[in-house]
Amino acid sequence: QVRIVESGGGLVQPGESRRLSCAASGSIFNILDMGWYRQPPGKQRELVATITKYDVTNYVDAVKGRFTISRDNAKKTLYLGMNSLKPEDTAVYYCYENIVLLNGDRGAYWGQGIQVTVSS
């Protein structure tokens, strides 16, 4: 009923920028809060940033001032702008969207994960 597709990952050099996208499609009535997690190599998945339905944002300290989470409700798309990337930002990035379906059901839907590698 719902499909989540991430895009924008890849190999970037330290100091460069990259924007990730997370697009939802399907039988969607409304999208509530959304966010991004990441899993560095050999480590546990960690929360990166969240955004509420009312555009209230929250960031983990490691990315404050460098990353920007945003949403386009008309496009049902979540974004993560990443500036001044560091090698320690290397990870698989996962998005989630808390979605209310047309039939009234609701749940968290996850992207497939996308690799971001920061290396010279």
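Positions are given from 1, in the same order as the sequence printed here.
For the pair L78/I31, no side-chain contact is recorded, criterion being any heavy-atom separation below 4.5 Å from C-beta on. D89 is not listed as a side-chain neighbour of R18, based on a closest heavy-atom distance of 4.5 Å or more. Looking only at side-chain heavy atoms (C-beta outward), L80 and T68 stay at 4.5 Å or farther from each other.
Membership of the apolar cluster around F29 extends to L32, V100, L102, as traced through chained side-chain contacts below 4.5 Å between ILVMFWY residues. V5 belongs to no hydrophobic cluster, as no Ile, Leu, Val, Met, Phe, Trp or Tyr side chain comes under 4.5 Å of its own.
With rounding to the nearest 0.5 Å, the separation of CG in N83 from CZ in R66 is 9.0 Å. To the nearest 0.5 Å, atoms CE (M82) and OH (Y93) are separated by 5.5 Å. Note that CD of E6 is 11.5 Å distant from CD of Q115, once rounded to the nearest 0.5 Å. Here L101 contributes atom CG and Q1 contributes atom CD; the two are 5.0 Å apart, rounded to the nearest 0.5 Å. Taken to the nearest 0.5 Å, the CD atom of Q39 stands 13.5 Å off from the OG1 atom of T90. Annotation: the span from L11 atom CG to T117 atom OG1 amounts to 6.0 Å, rounded to 0.5 Å.
Contact record, S119 with P14: C-CD, 3.6 Å, taken as the closest heavy-atom pair. Taking both residues in full, the closest heavy atoms of W36 and L47 are given as O-CD1, 3.6 Å, listed atom of the first, atom of the second, then distance. The shortest heavy-atom contact between P40 and E46 is CG-OE2, 4.2 Å. Minimum heavy-atom separation, I4 to A24: CD1-CB, 3.5 Å.
Sorted by first then second residue, the salt bridge (charged side-chain N to carboxylate O under 4.0 Å, His left out) pairs that include residues 74-88, not counting sequence neighbours, number zero. Evaluation of the side chain to side chain donor-acceptor pair (under 3.5 Å) test over residues 23-35, restricted to residues two or more places apart or in two chains, returns D33-N98. Here salt bridge (charged side-chain N to carboxylate O under 4.0 Å, His left out) pairs that include residues 94-114, with residues two or more places apart or in two chains, number zero. Residues in residues 101-120 take part in these ring pair (Phe, Tyr, Trp, His ring centres under 6.0 Å) pairs, two or more places apart or across chains: Y37-W110, Y96-W110. Sorted by first then second residue, the disulfide bond (SG atoms under 2.5 Å apart) pairs that include residues 16-92, not counting sequence neighbours, are C22-C95. Within the structure, the salt bridge (charged side-chain N to carboxylate O under 4.0 Å, His left out) test picks out the following pairs touching residues 48-64 (sequence neighbours left out): D61-K64.
In this structure, Y59 is a member of the same hydrophobic cluster as V118, with clusters built from ILVMFWY side-chain heavy atoms closer than 4.5 Å. Taking hydrophobic clusters as Ile, Leu, Val, Met, Phe, Trp and Tyr residues chained together by side-chain heavy-atom distances below 4.5 Å, Y79 does not share a cluster with V63. If you chain together hydrophobic residues whose side chains sit under 4.5 Å apart, I69 and V92 never meet in one group.
Evaluation of the side-chain contact (heavy atoms from CB on, under 4.5 Å) rule for T52 yields Y54, V56 as partners, not counting sequence neighbours. E16 meets the salt bridge (charged side-chain N to carboxylate O under 4.0 Å, His left out) test with no other residue; sequence neighbours excluded. Applying the side-chain contact (heavy atoms from CB on, under 4.5 Å) test to A23 and every residue at least two apart in sequence or in another chain returns T77. Checked against side-chain contact (heavy atoms from CB on, under 4.5 Å), N73 has the following partners two or more places apart in sequence or in another chain: R71.
Remark: R45 is positioned above the aromatic ring of Y94, its terminal NZ or CZ atom under 6.0 angstrom from the ring centre and at most 45 degrees off the axis.
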